[in-house]
Amino acid sequence: MFITNTSFVVNERRSPLSLDKKLLDWYDHNARVLPWRAAVGERADPYRVWLSEIMLQQTGVKTVIPYFEAFTTRFPTVEDMARAERDEVLRLWAGLGYYSRARNLHACAVEVVERHGGRFPDTVEGLLGMPGIGAYTAGAIASIAFGRRVVAVDGNVERVLSRVYQVEEALPKARPIITRLAQDLVPERAGDFAQSLMDLGATICTPKNPACGLCPWVAECGARKAGTMLDYPKKLAKKAKQMRYGAAFVARRADGAVLIGTRPEKGLLGGMVEVPNSAWTVEPVDALEPPLQAEWRHCGSVDHVFTHFPLRLAVYAAEVGMKVKAPEPYRWSSPNGPEGEALPTLFRKVLGVCKVPSP
DNA sequence: CACTCGTGGAG
DNA sequence: TCTCCAAGAGT
């Protein structure tokens with residue numbers, strides 16, 4: 001019953017229905033209706049499956065939906081996205097986070113059009129290694145859009161299967177074990193199976209307060225039997241995150257234009273728009289180095305949390321004359337401000353704390 | 001393997 | 001307030 005790194009014992013089957021059959025029966029009655037899913041009996045559009053899977057990486061369904069609608073409205077097909085400037089993709093993506101996904105998204109669209117005739121590869125091997133497509137996403141697209149009998153192991157699958165089989169190995173070492181357990185379950189309806197596992201993990205077998213009473217696998221779940229659902233999946237302890245400090249400078253002209261720049265291609269918020277700001281250091285810095293001479297006033301601070309560290313930015317603002325040239329490497333935004341730019345949430349917060357009081 | 005890479009919502 | 005974390009990928 002317990003699954004460890006050295007021993008495998010598959011659950012004995014007391015019930016007349018196999019696990020996959022029970023899950024698909026449940027899915028047929030409880031599948032969530034989502035914009036990227038095909039209507040019953042129809043084949044899902046690979047482009048929409050791909051787009052949704054990239055957006056859903058480490059991101060909740062509720063957050064993704066409005067972005068998905070905006071993208072599919074602006075780019076109905078992969079050709080439309082491939083033809084667009086990358087910067088437009090970044091602007092549409094602004095606020096969604098993990099911006100390398102947006103850079104890879106456009107690169108992948110270009111690759112599909114220029115090297116694959118506008119069609120996505122229909123196998124895991126063909127999909128793997130395209131920009132932004134890893135093991136999970138390749139499996140998801142291959143099974144959901146192309147009906148390949150392969151697995152897509154994500155956080156939901158890790159949680160569900162580690163509970164059912166009481167996988168004692170901690171993540172990430174448990175991943176290959178879980179992948180094998182999942183592969184052994186994949187039925188003919190591989191795409192529905194993948195999505196049913198995700199729906200189960202998202203709505204029933206949740207991290208906290210799992211609704212075991214509604215679960216189609218309640219009878220064969222080892223953790224449920226032992227009452228230890230919350231102990232799975234086992235995870236390695238994460239290291240503590242250290243606060244970093246910095247300063248940001250909002251230079252505003254009378255017409256509303258704000259001094260902005262573009263961040264380096266790679267790294268944090270790569271390729272996105274920023275306002276001038278200092279280095280972010282563990283020790284607060286008090287020597288200010290504003291981008292230009294002006295009467296800078298401290299107008300508040302912004303707290304923001306990245307995945308691997310929290311950040312506190314002291315925000316300074318100044319009004320500058322219409323004839324002031326933008327110092328290198330910065331530029332002036334449009335008179336309405338940088339709202340239309342590829343501005344990540346951090347810098348939207350910065351602009352928010354020093355808005356000009358309206359008359 | 002271990003680290004980087006966003007954001008907002010839930011408890 | 002604080003912790004966790006959501007359909008991971010790249011290096």
Side-chain angles (χ1 to χ4, degrees), chain A residues 32 34-37 44 48-68 90 93-105 107-108 127-141 143-145 151-160 170-176 179 182 191 193-203 205-210 230 233 235-244 263-272 274 280 302-311 342-349:
Chain A
R32 290 178 291 176
L34 299 170
W36 45 87
R37 286 188 175 170
R48 294 166 68 86
V49 172
W50 163 71
L51 177 59
S52 69
E53 290 300 341
I54 301 298
M55 288 183 163
L56 287 162
Q57 289 166 5
Q58 299 293 284
T59 309
V61 165
K62 191 171 155 190
T63 302
V64 161
I65 287 178
Y67 283 87
F68 181 83
L90 292 186
W93 196 277
L96 195 52
Y98 283 138
Y99 297 100
S100 67
R101 292 185 296 172
R103 288 179 255 129
N104 287 330
L105 187 78
C108 188
L127 290 160
L128 257 183
M130 297 187 75
I133 298 182
Y136 163 76
T137 304
I141 297 173
S143 61
I144 298 171
V151 289
V153 178
D154 70 330
N156 287 307
V157 179
E158 289 172 350
R159 184 172 58 256
V160 171
L171 291 170
K173 285 184 68 177
R175 186 179 283 268
T179 299
F193 180 74
Q195 296 181 88
S196 65
L197 269 179
M198 296 177 206
D199 279 17
L200 188 68
T203 64
C205 194
T206 50
K208 307 165 189 173
N209 303 317
L230 298 191
K235 291 181 180 177
L236 263 44
K238 53 196 77 166
K239 91 174 190 188
K241 302 181 292 186
Q242 195 167 18
M243 171 83 81
R244 298 184 198 178
R263 294 179 62 83
E265 176 69 13
K266 296 192 171 185
L268 191 66
L269 308 176
M272 302 294 286
E274 64 182 349
W280 306 341
V302 162
D303 285 307
H304 193 73
V305 181
F306 295 106
T307 305
H308 47 303
F309 66 91
L311 174 68
L343 202 64
T345 298
L346 167 64
F347 295 109
R348 290 191 185 279
K349 288 184 183 176

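These numbers come from the heavy atoms of this one structure, side chains and all, not from hydrogens, waters or symmetry mates. Below, read A as the first sequence line, B as the second, and so on, with proteins coming before strands; counting in each chain starts at 1.
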Could you tell me which residues satisfy side chain to side chain contact (heavy atoms under 4.5 Å, CB included) with A:L311, sequence neighbours excluded, listed by chain and number? A:R244, A:W280, A:F306, A:F309, A:L313, A:L346
With sequence neighbours left out, what residues match A:T307 under side chain to side chain contact (heavy atoms under 4.5 Å, CB included)? A:Y98
Side-chain donor-acceptor distances from residues 53-61 of chain A under 3.5 Å, at least two apart:
residue: A:E53; atom: OE1; partner: A:Y136; partner atom: OH; Å: 2.7
residue: A:Q57; atom: NE2; partner: A:G132; partner atom: O; Å: 3.4
residue: A:Q57; atom: NE2; partner: A:T137; partner atom: OG1; Å: 3.0
residue: A:T59; atom: OG1; partner: A:M55; partner atom: O; Å: 3.4
residue: A:T59; atom: OG1; partner: A:Q57; partner atom: O; Å: 3.0
residue: A:T59; atom: OG1; partner: A:R101; partner atom: NH1; Å: 3.1
residue: A:T59; atom: OG1; partner: A:R101; partner atom: NH2; Å: 3.3

Please enumerate all residues that pass side chain to side chain contact (heavy atoms under 4.5 Å, CB included) together with A:P207, with sequence neighbours excluded. A:R159
Excluding sequence neighbours, so at least two apart, what forms salt bridge (Lys or Arg N to Asp or Glu O under 4.0 Å) with A:R103? none
Identify, residue by residue, the members of residues 58-67 of chain A with a heavy atom below 4.0 Å from DNA chain C, and return them in order of residue number, or none. A:Q58, A:V61
With the side chain of A:N209 defined as its heavy atoms from C-beta on, choose the nearest nucleotide among B:dG6, B:dT4, B:dG11. B:dG11
In whole angstrom, give the distance that lies between atom CE of A:M55 and atom P of B:dG8. 15 Å
If the condition is salt bridge (Lys or Arg N to Asp or Glu O under 4.0 Å), which residues does A:R37 pass it with, not counting sequence neighbours? A:D199
Start and end of the DNA chain C segment that chain A contacts, any atom under 4.0 Å from a heavy atom: C:dC5 to C:dG10
Would you indicate whether the side-chain heavy atoms of A:P35 and A:I65 approach each other to under 4.5 Å? yes
Residues that A:A135 engages under side chain to side chain contact (heavy atoms under 4.5 Å, CB included), provided they are two or more places apart: none
